[in-house]
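Have a look at the structure below before the remarks.
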Amino acid sequence: MKKLEEYVRSIPDFPEPGIIFRDVTSILQDADGLHMAVDSLIDMVKDLDYDLVIGPESRGFIFGVPVAYAQHKGFVPVRKKGKLPCETIAMEYDLEYGQATIEMHKDAIRPGQKVIIVDDLIATGGTTEAIVKLIEQLGGQVVKICFVMELKGLNGREHLKGYDVDSAIIYE
Ligand code: PRP
Ligand code: ADE
């Protein structure tokens, strides 16, 4: 049986020179790779007490929903600006390449609810830091943050001090 990291295709200089792009599609298109990735995320949270899974557009949806489904939890999408139809709160943030604004529905989390965040990858940590801020503005409590891949050299965890962070694959 192959290891999860063996399913990841790495593309140099995408989308910009100097970036090594860790391609999640090569995990997803293989039945074993997909199972291994989702199961590794479920293992990280299966013993925790929480109410909701939070996942950012778009790759966070791919992994967040199967975790929520398997654990019988609700899923809350964090979307890029302008996509959600009801009242939202928003946060701007920096990425490894570029900038973005994400939004959540104001009524997506009730005060006191415990949540986990699931995404495919942490690079600079900017996306996750913004999500944590939105969750906490709504009165939610982040009990765990889970990734399939972590680009350790970009020090994303520096933005997430004090939170329980776990990644299935760590790139030094
Ligand atoms: C990617 C990835 C993470 C984020 C990580 O999403 O899926 O959400 O970047 O980068 P960071 O740790 O530097 O914030 P992206 O915004 O590229 O959107 P996508 O999932 O739609 O491709
Ligand atoms: N998102 C941000 N940085 C990335 C990278 N190096 N590979 C894949 N997705 C990313």
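Heavy-atom basis, side chains included; hydrogens, waters and symmetry copies ignored. It should be emphasised that the depicted structure is a prediction, and the values quoted were computed from it without experimental measurement. Each ligand, and each atom within it, is numbered from 1 in the order the structure gives.
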Please verify whether a non-hydrogen atom of G125 lies at under 4.0 Å from ligand 1.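 A heavy atom of G125 does come that close to ligand 1.
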At a 4.0 Å cut-off, with the gap strictly under it, does some heavy atom of E129 reach an atom of ligand 1?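 Per 4.0 Å heavy-atom rule, E129 does not contact ligand 1.
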For K3, I'd like to know if atom NZ has over 12 heavy atoms of other residues, nucleotides or ligands within 6.0 Å.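 Counting other residues, nucleotides and ligands, NZ of K3 stays at 12 neighbours or fewer.
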Salt bridge or not between [X] and [Y]? Use side-chain N to carboxylate O under 4.0 Å.
X: K152; Y: E172; result: yes
X: K144; Y: D166; result: yes
X: K80; Y: E57; result: no

List below, pair by pair, the N or O atoms of ligand 2 and of the protein that are less than 3.5 Å apart, including the distance to 0.1 Å; reply 'none' if no pair qualifies.
residue: ligand 2; atom: 1 (N); partner: Y97; partner atom: OH; Å: 3.3
residue: ligand 2; atom: 3 (N); partner: E96; partner atom: OE1; Å: 2.4
residue: ligand 2; atom: 6 (N); partner: I20; partner atom: O; Å: 2.9
residue: ligand 2; atom: 6 (N); partner: E96; partner atom: OE1; Å: 3.1
residue: ligand 2; atom: 7 (N); partner: R22; partner atom: N; Å: 2.9
residue: ligand 2; atom: 9 (N); partner: R59; partner atom: NH1; Å: 2.9

Under 3.5 Å: N/O of [X] near N/O of ligand 1:
X: D94; value: no
X: K80; value: yes
X: T127; value: yes
X: I122; value: no

Got a second to check how far L121's CG is from R22's CZ, nearest 0.5 Å?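 L121 CG to R22 CZ: 9.0 Å, rounded to 0.5 Å.
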Which pairs count as side chain to side chain donor-acceptor pair (under 3.5 Å) when at least one residue sits in residues 121-133, sequence neighbours excluded?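 Every side chain to side chain donor-acceptor pair (under 3.5 Å) pair that includes a residue of residues 121-133, provided the two are not neighbours, is E129-H159.
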